[in-house]
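The structure appears right after this line, and notes come after that.
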Protein chains: 2
Amino acid sequence: MTRPEPTEAPRRQTRQRSAVLALLEQLDGFRTAQDLHALLRERGEAVGLATVYRALQALVDDGLVDVLRGDGEAAYRRCSPVHHHHLVCRSCGRTVEVADPPVERWAARVAAEHGFADVQHQLEVFGTCAACTTAR
Amino acid sequence: MTRPEPTEAPRRQTRQRSAVLALLEQLDGFRTAQDLHALLRERGEAVGLATVYRALQALVDDGLVDVLRGDGEAAYRRCSPVHHHHLVCRSCGRTVEVADPPVERWAARVAAEHGFADVQHQLEVFGTCAACTTAR
DNA sequence: TGTGTTCATGAGAATCATTCTCGCATGACT
DNA sequence: AGTCATGCGAGAATGATTCTCATGAACACA
């Protein structure tokens, strides 16, 4: 009811897509597509930039990766498939996944009060992590 | 301690900036810079696109306008200067400002638990408003 | 109210991330 | 192995935003 998925596209497994996912698995924090592309090249994995974008989109569609839109460029991160939010260090990018049932309920209630239906919400928390705070 | 504002730039009042702000006052919902530019031209207000961007940035810096980054393009809206969040209709763009003390506390607590300092958060709720729901 | 200094404007070029095009390569399935 | 749709790569195209720089307008002060 929330996700009809009419044209269930058969996803094909290729070296490039595996490489992108594998790289994301090792990283901890949000990275831009361009960053990921550069990292792959450094490691000798020859992957085109357009392909990185396509792979990331596919992963996002499959719910394996989350997107964060900072100023101008989008950042991606391997995430758990259950609904959650992020606590992101604005200095080093380290990220913690956090759940918050109260916010879910609050969003639904406020939306209902104003007559809004089919509600979604996005919540991100930014701060400076302990390591970065002491390091300065 | 939260806003040092070291180089308090003297903001100059010009016809163009007033026009942008005046237009935003009349509109209800988030609009892109390009939209605003087009609207101004329709109304006979000759304003350059670059100037619209500059004016919007200034307004955002002054806390008079809020930004929303959808896919690719940023949207702007005249908002109250107190901290709040938005309930946005994804169909017609109509927007309601909502406050939520519990979320504020929750964000602060979760951040503290993970050792994060200097915390900020962004929360937006999207849905379909009553008018758009019945109109379909 | 004149006048100079300084900041703002505008047209178009430049930048930058992202997407598209299209010919070729390669998975998946028989 | 053979077929064939799907994915890939390089570079062009797109589209939003920012920059450049010569000109114009605000503001402070005499």
Side-chain angles (χ1 to χ4, degrees), chain A residues 5-24 27 29-62 64-77 93, chain B residues 5-24 27 29-62 64-77 93:
Chain A
E5 318 190 42
T7 320
E8 180 72 32
R11 200 125 285 166
R12 189 173 290 185
Q13 176 181 342
T14 67
R15 174 180 60 81
Q16 293 85 343
R17 284 185 189 174
S18 308
V20 170
L21 185 54
L23 176 57
L24 284 169
L27 298 175
F30 284 84
R31 303 300 174 103
T32 68
Q34 315 258 356
D35 272 354
L36 295 169
H37 178 239
L39 284 172
L40 287 172
R41 311 216 106 185
E42 281 179 16
R43 302 189 177 195
E45 292 275 2
V47 180
L49 179 56
T51 301
V52 173
Y53 276 104
R54 279 186 289 235
L56 288 172
Q57 268 187 193
L59 290 169
V60 170
D61 289 347
D62 291 351
L64 297 174
V65 163
D66 282 357
V67 200
L68 208 57
R69 285 180 206 285
D71 186 69
E73 51 194 337
Y76 303 83
R77 177 175 186 269
Chain B
E5 319 191 41
T7 320
E8 181 72 33
R11 200 126 284 166
R12 191 172 288 187
Q13 176 178 343
T14 67
R15 172 179 62 79
Q16 292 88 340
R17 285 185 187 174
S18 307
V20 170
L21 185 54
L23 177 57
L24 283 169
L27 298 174
F30 285 84
R31 304 300 174 103
T32 68
Q34 315 258 354
D35 272 354
L36 295 169
H37 178 239
L39 283 170
L40 286 172
R41 309 215 107 184
E42 281 179 16
R43 302 189 176 193
E45 292 275 4
V47 181
L49 179 56
T51 301
V52 172
Y53 276 103
R54 280 186 288 236
L56 288 171
Q57 267 186 192
L59 290 168
V60 170
D61 289 347
D62 291 351
L64 298 174
V65 163
D66 281 356
V67 199
L68 208 57
R69 286 179 206 286
D71 188 67
E73 50 194 338
Y76 303 83
R77 177 174 185 269

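Letters A, B, ... mirror the listed sequences (proteins, then strands); counts begin at 1.
Rounded to an integer number of Å, the gap from CZ of Arg11(B) to C1' of dT6(C) is 15 Å. Between the CZ atom of Arg41(B) and the C1' atom of dG10(C) there is a distance of 10 Å, given to the nearest Å. One interatomic measurement links the two molecules: CZ of Arg15(B) to C1' of dC7(C), which rounds to 16 Å at whole-angstrom precision. Between His37(B) atom NE2 and dT9(C) atom P there is a gap of 13 Å when expressed in whole angstrom units. Counting to the nearest Å, the P atom of dA8(C) and the CG atom of Leu56(B) are 15 Å from each other. Rounded to a whole Å, the CD atom of Glu73(B) is 14 Å from the P atom of dT18(C). The nearest whole Å value for the distance from the CG atom in Asp71(A) to the P atom in dT18(C) is 12 Å.
In this structure, the side chains of Arg41(B) and Glu45(B) stay at 4.5 Å or more apart for every pair of heavy atoms. Two residues are said to be in side-chain contact when any heavy atoms from C-beta on lie closer than 4.5 Å; Arg11(B) and Arg17(B) meet this criterion.
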Is there a side chain to side chain contact (heavy atoms under 4.5 Å, CB included) between Arg77(A) and Val65(A)? Walk through the geometry before answering.
CA-CA 5 Å; Arg77(A) 177 175 186 269; Val65(A) 163; 5.7 Å; no
Please report the C-alpha distance between Thr51(B) and Thr14(B) in whole Å, then the side-chain angles of each, then the deciding distance to 0.1 Å, and finally whether the side chain to side chain contact (heavy atoms under 4.5 Å, CB included) criterion is met.
CA-CA 11 Å; Thr51(B) 301; Thr14(B) 67; over 6 Å; no
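Applying the 4.0 Å criterion to OP1 and OP2 of dA25(D), one finds that Gln13(B) has every side-chain N and O outside that range. A close approach under 4.0 Å does not occur between any side-chain nitrogen or oxygen of Gln16(A) and OP1 or OP2 of dT26(C). For dA25(D), the OP1/OP2 oxygens have no side-chain nitrogen or oxygen of Thr14(B) closer than 4.0 Å.
Heavy-atom nearest nucleotides on DNA chain C were determined for Leu49(B) and for Thr32(A), and the one closer to the 5' end corresponds to Leu49(B).
Proximity note for Ala50(B) (side chain, C-beta onward) versus dC8(D), dC19(D), dT9(C): the nearest is dC19(D). For Tyr53(B), whose side chain is taken as the heavy atoms from C-beta onward, the closest listed nucleotide among dA28(C), dT17(D), dG9(D) is dT17(D). You'll find that the side chain of Gln57(A) is closest to dT19(C), out of dT20(D), dT18(C), dT19(C). The side chain of Arg17(B) has dA8(C) as its nearest neighbour among dG9(D), dA8(C), dG27(C). The listed nucleotides are dA16(D), dG27(C), dT18(C); the one nearest the side chain of Arg12(A) is dG27(C).
The base of dG9(D) sits with one of its N or O atoms less than 3.5 Å from a complementary donor or acceptor on the side chain of Arg54(A).
In this structure Tyr76(B) satisfies the ring-ring contact (aromatic ring centres under 6.0 Å, His included) test with no other residue, sequence neighbours excluded.
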